[in-house]
Every structure is written in C-alpha cells, then in structure tokens.
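Computed from a predicted model, the values in this text were never measured in an experiment.
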Amino acid sequence: MTSTGRFTLPSEENFAEKTKELAELWGADAIRNSDGTHLDESVLALGKKIYSAYFPTRAHNEWITLHMDETPQVYLLTGRVLAEADIVDVPLMDGFFEEQLKPNRDADPHKYWEVVDRTTNEVVDASLWTLDEDTDTVHVSGATPMHEYTVSFLAYIIWDPVEMYNHLTNGWGDKEHEIPFDIYHPATRKFVFDTFEQWLKDNPQVDVVRFTTFFYQFTLLFDQKQREKVVDWFGCACTVSPAALDDFEKEYGYRLRPEDFVDGGAYNSAWRVPRKAQRDWIDFLSGFVRANVKKLADMSHAAGKEAMMFLGDQWIGTEPYKDGFEDLGLDAVVGSIGDGTTTRMIADIPGVKYTEGRFLPYFFPDTFYEGNDPSIEGLDNWRKARRAILRSPISRMGYGGYLSLAAKFPKFVDTVTHIADEFRDIHDRTGGVAAEGELNVAILNSWGKMRSWMAFTVAHALPNKQTYSYYGILESLSGMRVNVRFISFDDVLEHGVADDIDVIINGGPVDTAFTGGDVWKNPKLTETLRAWVRGGGAFVGVGEPSSLARFQAGRFFQLADVLGVDEERYQTLSVDKYFPAVTPEHFITADVHVDPAAREAWEKAGYRIPLSGCGGGQGIKPLGGIDFGEPIANTFPVNEDVTLLRADGGQVQLAVNEYGKGRGVYVSGLPYSAANARLLERILFWASHNEDKYTAYSSTNPECEVAVFPDAGQYCVINNTDRPQSTDVALPDGSIEHFDLDQSAIAWRNL
C-alpha cells in the first residue's frame with residue numbers, strides 16, 4: 001500500500017479481524033455498515049470515521065403495521081381488456097406482484113381512480129363502474145363491444161422495493177418484509193423525525209449519517225413472477241397519496257388525473273416529452289421533499305454529524321441538479337459508479353462539500369460465487385470511472401455489500417488494493433482539480449440542467465436496444481477533453497445560446513424529451529439556432545434530431561438545412577433524392593480503420609457515381625468502419641453540397657455541412673466504444689472550427705486517452721482496456737512521446 005484515506009469500507013457483524021486487515025490493506029479511513037447489519041464494538045474501536053446507513057422511511061414495521069394506510073402509493077394501470085358485450089370486467093392485479101402492491105380501497109375509488117375506454121381515450125363516467133373488493137375486479141357497464149378498457153387505480157406499496165430486491169437476491173427466506181412509509185401523513189412524519197432524533201442520541205459513535213435515501217423510491221414495480229415490470233430511475237410514480245393530490249389541487253388550481261401518472265402505460269418515463277402536469281408535480285414534490293431533507297440535515301449537524309445522501313433508492317424529489325439543491329445543507333452525495341456517465345452524474349453535483357463513488361461489483365452472491373472472478377468486473381468498472389474522474393473528480397471511493405464475501409477472493413482483494421492506491425494517487429497529483437477542457441459542449445434537450453448526465457437513461461447504467469445508440473454520446477463525453485453542460489429548449493428560447501458554447505448536441509428518437517417533440521413548432525427555436533450556427537456555431541445531430549412527429553413544411557428534421565440531412569417519412573417518395581459522392585477521407589474519420597479489401601470493393605462499386613431515384617440512394621458496397629448502432633432508415637442529403645462521410649445501404653449515417661460561418665454534423669447513432677469516442681471528439685473539434693487545437697496532447701491510439709493538468713504541471717495517459725496498448729502523444733512543441741502501457745495502466749509525465 002502506498003497511501004491511505006479517501007476510502008470507505010463496508011463491514012458487518014462478527015467480522016472484526018478481517019475488517020481491520022482489509023481496512024489497512026485498502027487504506028480505508030472510514031467504515032460503514034452494510035444493509036441490514038451493525039458494526040461490532042471492536043470495529044468501532046479501530047479509530048476510523050464511522051458511516052451509518054440510515055433509512056428514514058423503512059425498517060420500522062412496529063409503526064407502519066399499525067398505519068398501513070400511510071405507506072407510499074402508486075397509480076397502476078391494468079392491462080387492456082377487450083369488451084365483447086356491454087359489460088366488461090377488468091381485474092386489477094393481473095401482472096403485478098401482490099407481495100409488493102395492494103389496491104387502496106380506503107380512499108373513494110370513484111374520486112381517485114379512473115376507467116378509460118382506450119379505443120376512444122374517453123373517461124368512463126364513474127356511475128358506470130363498480131369495484132368488487134372481494135375479487136379486486138372493476139365491473140364496467142355500458143361498454144362498447146370491441147373497445148379496450150383499463151383501470152387506473154391507487155395501490156399501496158407494502159414491501160420496500162430495494163429491500164425486496166436485496167431480500168430476493170440474497171435469499172433471505174422468511175426474513176420479515178420491510179414495509180415503507182410515507183411522511184406526507186403528519187403522524188408518520190412526526191414518527192420519522194422523533195425516531196431520528198432518538199437515533200442520533202443513541203448513536204454517538206456515528207460521524208456520517210448516510211441517508212439511504214430519504215422518502216420516495218424511484219419507479220420500481222415487479223410482476224407476479226418477481227421480475228421488474230416498470231423501472232424508471234427518474235420516475236415519480238411512487239409518490240402519490242390522496243392527501244398530496246388534494247393539496248396539489250389547492251396550490252396549483254387544478255386537479256391531476258390518474259392518467260397524469262400512468263400516462264397510457266409509459267408512467268411518465270424520462271424519455272417522454274415532459275408535460276405541464278408532470279413538471280408541476282415534480283416541483284410540488286421536490287418542494288415537500290427538500291423541506292424535510294433540510295430538517296434531517298439540520299438535525300444531523302446539531303448532533304455533530306455530517307449528512308450524506310445516497311443518489312439511489314428513495315432519492316426522488318431531491319433533484320440534485322434542480323436550482324436550490326445547495327440550500328438543503330447536505331455535506332456530501334454518494335452514488336453507485338456504473339460507468340463514466342454515472343460517475344459524472346455524481347461528481348458534477350453542485351452545492352455539497354464532497355462526493356463519493358460506490359464502485360462495483362457490489363459484494364453480493366450474484367457476483368461473488370465459486371468459479372467467478374470478480375476482479376474482472378472490478379477493473380472494468382474502474383477503467384470506465386477513471387476516465388470520468390480525471391475530468392470531474394470525486395473526493396472519495398468505496399464499495400458496498402458484504403465484506404465477508406469479498407474477502408474470500410484474494411485476487412479481487414489485490415485488485416481493490418491497486419485501484420484504491422491509484423485513485424488516491426490521481427487525487428494527490430492533481431489536487432482534486434479537473435483536467436483541462438478545450439471545448440464547451442452543450443447537450444440540448446427538454447430537461448436541461450435538471451437532468452444533467454441523466455439523459456438517454458432508463459435504469460442506472462443499464463443499456464438497452466433502444467437507448468445504447470444515444471447513451472454512447474454521454475459515455476464518450478464523460479471522459480473527453482471537453483467541458484459539458486446541459487441546456488433546455490426553454491433556456492434557448494428565453495436566453496438564446498450562451499456566448500461561450502462551442503458546440504450544441506441534440507439527439508435521440510423522434511417525439512422524445514431528448515429531441516424535443518412539439519417544441520420545434522415554435523419558429524423562435526429554429527430562428528435562434530440557425531442564426532447561432534450561421535454566425536459561427538456548431539450543431540451536431542444524432543439519430544432524429546430536431547424532428548417533429550408530424551410532417552411539417554416539407555421537413556422531418558426541422559434543422560435539416562443546418563445538418564444537411566433529412567429523413568424520408570413516406571411523404572415525399574415522389575421527389576428524387578440525389579446523393580453526392582461519399583468522401584472517404586476527412587478530418588473526422590482520420591482514425592477510422594477501414595479494411596483494405598472492403599475499401600477496394602467499395603471503390604470498384606462506383607462510389608464516384610451518384611445514384612438517384614424516387615427515395616433513392618447510393619446502392620453501392622458499404623464502406624463501413626464505424627458502428628452507428630441501431631439504424632435510422634431513409635435518411636438522405638437535402639442537396640448535393642452536403643459532404644457525405646458514410647452513406648452505406650442507401651441512407652446517410654455520417655455527414656457534414658457548411659452553414660454560413662458555422663457547421664452542422666449528422667450522425668445516425670453513436671454507441672459507446674473507444675473508436676466512437678474518438679469519432680465524436682473529432683466531430684466536435686471539426687464542427688467548432690478547432691481542428692488546429694486537436695493535435696496537441698492527442699493519442700494516436702483511441703484506446704488510450706490523455707488528460708492535462710496545467711496547474712499541477714503534469715499530464716497522464718491511460719489505457720482503457722484489459723490488454724497492453726501502445727500509443728504516441730503529440731506535445732504542443734511538435735515533439736512526440738511514445739508510451740507502452742500495461743493493461744489498465746496510467747502513466748504520468750511533467751508538462
């Protein structure tokens with residue numbers, strides 16, 4: 001071990017000697033209890049800073065079992081049931097996990113529930129349906145045959161979703177289910193604060209209260225087979241109650257419908273273009289949550305303890321990137337490190353004294369089992385996080401789960417020793433200052449700053465087929481030599497584009513929060529962005545940028561003139577599309593390897609001959625060399641002045657366009673890889689007319705990246721792979737330095 005500190009170790013009962021050994025080996029200066037465990041006196045006596053996980057709204061069944069109408073609630077949407085006569089029965093709980101959810105029959109269903117004819121989208125009059133409480137079935141009369149019907153109903157959450165996940169994952173058997181509770185109810189709120197006040201008195205040894213988290217769980221619903229059914233890491237579905245709905249109506253002057261929560265089955269996913277009701281509920285909820293978080297933080301401080309928030313579990317309503325978060329008085333935020341994007345999500349949070357990352361793997365039996373090598377995941381996780389930490393440092397690191405499991409894997413123990421030393425070494429060398437960024441890049445979407453580093457996400461750091469082609473934008477940027485901010489369409493409409501922004505990126509599928517939806521009907525938005533680009537700005541579009549679901553004024557991409565590319569939506573098939581010749585060599589594609597045989601076949605296919613036709617394109621051999629992810633079909637150049645860099649399969653994947661003094665770039669998709677991160681980096685430098693800045697401190701090998709720290713007088717080169725890599729780094733004076741790096745290695749040099 002070369003250093004100590006900045007490391008939080010999880011521990012548990014009856015594991016004191018090994019805890020002491022690993023604390024010394026890993027340089028831990030803090031120890032925390034794992035979920036469901038307590039620290040032994042001998043561990044407390046080690047002289048380390050003591051964190052204690054604290055759950056404000058669970059783990060007190062003695063209270064909530066006497067107040068089961070004060071558990072958190074959620075609006076659920078039943079499956080669609082086809083009416084074959086004028087009467088139809090809709091079962092409530094089909095497809096839901098009855099150990100987690102229970103219909104709320106206490107509050108008047110005819111006031112708080114809703115039956116909808118989904119064929120017409122009309123609400124069925126309350127006089128036409130009844131609830132059979134014995135079977136949890138809604139009987140609907142006056143139905144229209146061959147129409148589908150649903151019920152949106154309130155349900156109690158009777159098993160804490162996170163404790164449930166831990167329970168099922170670890171096989172805790174007949175351990176009592178922990179029931180969550182909702183502090184919106186005055187009696188339960190008083191219980192929570194009275195309990196915490198007593199806990200502070202009973203735990204003088206605790207230095208940091210690690211709130212895990214506060215009051216409302218992100219949307220996490222399970223089906224009858226104990227599988228995830230609805231998961232949205234930003235979802236506010238599990239935050240409702242009749243009392244809150246009534247208070248909202250008094251404050252905002254209108255009543256929310258159940259549909260405002262179930263949203264036709266989308267449950268207000270962060271991908272949905274946010275609507276007024278959704279935004280108003282977030283404001284209402286966060287106001288309530290933050291007031292009570294501040295009270296808990298103040299109580300912690302009065303007891304001489306720090307208040308730390310875990311960015312996970314019941315974090316909904318805290319909104320760490322929403323204005324005013326700094327007023328809560330929290331000392332720190334800790335979160336799970338899944339990749340570079342989630343690292344930045346934690347590291348960039350303003351208004352706290354320090355941030356901490358909980359690295360993976362979690363010490364659970366689904367990873368730590370005989371025959372597995374957890375060190376592989378540990379190093380992979382570290383490599384992903386490290387490139388982001390160099391750009392936005394976190395102050396501390398640690399792990400979660402059960403230390404007794406990790407201790408059985410000596411190779412993993414050695415791996416963590418190495419990671420912890422390297423983490424501290426980076427901080428010591430840089431003083432916790434971020435590497436220099438050479439460009440200012442803004443991500444433009446509906447959410448803006450409030451969802452910084454949260455775009456294109458469904459579940460925490462878990463990709464899926466529909467998102468990975470966009471999430472790669474963030475993952476690439478998380479460790480890139482640029483400064484990143486998030487701006488909203490409202491920001492642009494109200495204030496224009498800030499003078500210091502070099503590049504704006506807008507990307508995603510049509511009619512989502514990330515491309516904007518109907519906001520593009522506002523001509524002021526296109527006017528503002530066009531003027532900015534023509535004046536020298538740079539606009540990068542990915543997927544279906546600036547798109548409108550309805551064909552408008554002959555365009556699908558409303559900034560097609562800026563990008564040089566549009567998408568055929570089967571409205572203009574009678575209009576010929578003429579493709580200019582593809583340009584195989586360009587600044588942007590300089591690092592793209594193309595197989596010589598593929599290049600030869602492509603050239604022989606006649607790439608210099610533009611092909612056309614009704615909705616036509618270049619029917620030639622693919623040039624390839626770039627992974628664009630899920631294809632965007634039927635894209636085409638809007639004129640023959642556009643420079644096509646890739647147009648495989650008769651549609652455009654990569655194109656650049658001069659637009660006045662500025663530039664536009666279109667990319668069909670950008671999954672994360674070292675090659676694609678390099679491609680995006682070159683796009684940003686080219687689009688902003690900063691090609692001359694690119695060479696200095698660039699790496700010839702995309703698998704290796706360079707970070708420069710002018711104040712520390714050093715730069716480093718990192719190998720982001722599990723294999724040895726070699727690279728050359730160009731210095732500002734024109735000289736070249738060669739590096740041979742072992743797997744996962746980092747090398748430092750003086751400037």
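The closest donor-acceptor contact from the side chain of Thr589 to the backbone of Val592 lies at 3.5 Å or more, if one exists at all. Between the side chain of Arg646 and the backbone N or O of Val652, no donor-acceptor pair lies under 3.5 Å. Between the side chain of Asn719 and the main chain of Cys704, no donor-acceptor pair closer than 3.5 Å is present. Judged by distance alone, with hydrogens and angles left aside, the side-chain atoms of Asp648 form no donor-acceptor pair with the main-chain N or O of Gln651 at under 3.5 Å. Judged by distance alone, with hydrogens and angles left aside, the side-chain atoms of Thr457 form a donor-acceptor pair with the main-chain N or O of Ala455 at under 3.5 Å. Counting only distance, with no hydrogens or angles, the side chain of Asp728 and the backbone of Ile736 share no donor-acceptor pair below 3.5 Å. When atom types are taken as modelled, the side chain of Asp331 and the backbone of Met308 share no donor-acceptor pair closer than 3.5 angstrom. Formation of a donor-acceptor pair under 3.5 Å by the Thr342 side chain with backbone atoms of Ile337 is not found in this model. At least one donor-acceptor pair closer than 3.5 Å links the side chain of Asp29 to the backbone N or O of Arg6. Judged purely by atom type and a 3.5 angstrom limit, Thr430 uses its side chain to pair as donor or acceptor with the backbone of Gly432.
In summary, the side chains of Arg396 and Thr8 do present a donor paired with an acceptor at a separation below 3.5 Å, with no hydrogens or angles considered.
The existence of a salt bridge linking Arg678 and Glu681 is confirmed by a sub-4.0 Å separation between a basic side-chain nitrogen and an acidic carboxylate oxygen. Arg386 has a carboxylate O that lies under 4.0 Å from a charged side-chain N of Glu422, or vice versa, which qualifies the two as a salt bridge. A salt bridge links Asp425 with Arg429: the distance from a Lys NZ or Arg NE/NH1/NH2 to an Asp or Glu carboxylate oxygen falls below 4.0 Å.
Between Phe456 and Phe514, the distance separating the two ring centers is shorter than 6.0 angstrom. In summary, the aromatic rings of Trp447 and Phe234 are positioned with their centroids too far apart to meet the 6.0 Å limit.
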Next on the checklist: If you apply the rule side chain to side chain donor-acceptor pair (under 3.5 Å), what do you find for Ser699 with Thr727, and how did you get there?
Outcome noted: CA-CA 6 Å; Ser699 162; Thr727 190; 2.6 Å; yes
Next on the checklist: Run the side chain to side chain donor-acceptor pair (under 3.5 Å) test on Ser269 and Asp232 for me, step by step, so that the C-alpha distance in whole Å, both residues' side-chain angles and the decisive distance to 0.1 Å come before the verdict.
Outcome noted: CA-CA 6 Å; Ser269 158; Asp232 179 4; 4.6 Å; no
Next on the checklist: Evaluate Phe539 against Trp532 for ring-ring contact (aromatic ring centres under 6.0 Å, His included), listing each step before the verdict.
Outcome noted: CA-CA 9 Å; Phe539 188 88; Trp532 178 72; 7.8 Å; no
Checklist entry - Can you list the steps and then say if Tyr672 with Tyr468 is a ring-ring contact (aromatic ring centres under 6.0 Å, His included)? => result CA-CA 8 Å; Tyr672 177 72; Tyr468 79 104; over 10 Å; no
Next on the checklist: Apply salt bridge (charged side-chain N to carboxylate O under 4.0 Å, His left out) to residues Asp373 and Lys411 and explain how you reach the verdict.
Outcome noted: CA-CA 8 Å; Asp373 183 358; Lys411 184 179 177 182; 2.9 Å; yes
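Expressed to the nearest 0.5 Å, how far OG of Ser336 lies from CD1 of Ile346 amounts to 7.0 Å. The CD1 atom of Ile426 lies 11.5 Å from the CG atom of Asp421; values are rounded to the nearest 0.5 Å. Between atom OG1 of residue Thr635 and atom CG of residue Leu563 there is a gap of 11.5 Å, rounded to the nearest 0.5 Å.
Exactly one residue among Asp502, Asp500, Asp491 makes a salt bridge (charged side-chain N to carboxylate O under 4.0 Å, His left out) with Arg485. That residue is Asp500. Of the candidates Glu705, Arg383, Lys384, Asn720 forms a side chain to side chain donor-acceptor pair (under 3.5 Å) with just one, namely Glu705.
When the shell of 6.0 Å around CG of Asp733 is examined, it contains more than 12 heavy atoms from other residues, nucleotides or ligands.
Using a 30° and 60° split on the angle between ring planes, Tyr715 and Phe739 fall in the perpendicular class, above 60°. Between Trp382 and Phe359, the ring-plane angle classifies as tilted under the 30° and 60° cut-offs. Ring orientation note: the planes of Tyr694 and Phe587 are nearly perpendicular, at an angle over 60° on the 30°/60° scale. Ring-plane geometry between Phe7 and Trp26 is classed as tilted, the angle between the planes lying from 30 to 60 degrees on a 0 to 90 degree scale. Between Phe218 and Trp233, the ring planes are tilted. Angles from 30° to 60° get that label.
Minimum heavy-atom separation, Ser392 to Ala347: O-CB, 3.2 Å. Residue Arg663 comes nearest to Trp686 through the heavy atom pair NH1-O, 2.7 Å, listed as atom of the first residue, atom of the second, then distance. The heavy-atom pair separating Glu438 from Lys693 by the smallest distance is OE1-O, 3.4 Å. Of all heavy-atom pairs spanning Ser476 and Leu670, the tightest one is OG-CD2, 4.5 Å. Between Gly517 and Asp511, the closest heavy-atom pair is CA-OD1, 3.9 Å. When every heavy atom of Met345 is checked against every heavy atom of Trp453, the shortest pair comes out as CE-O, 3.3 Å.
Contact of the Met397 side chain with the Ile419 side chain is registered, since non-hydrogen atoms from C-beta on lie closer than 4.5 Å. No side-chain heavy atom of Asn676 sits less than 4.5 Å from a side-chain heavy atom of Leu680. Side-chain contact between Ile505 and Leu477 is present, with at least one heavy-atom pair separated by less than 4.5 Å.
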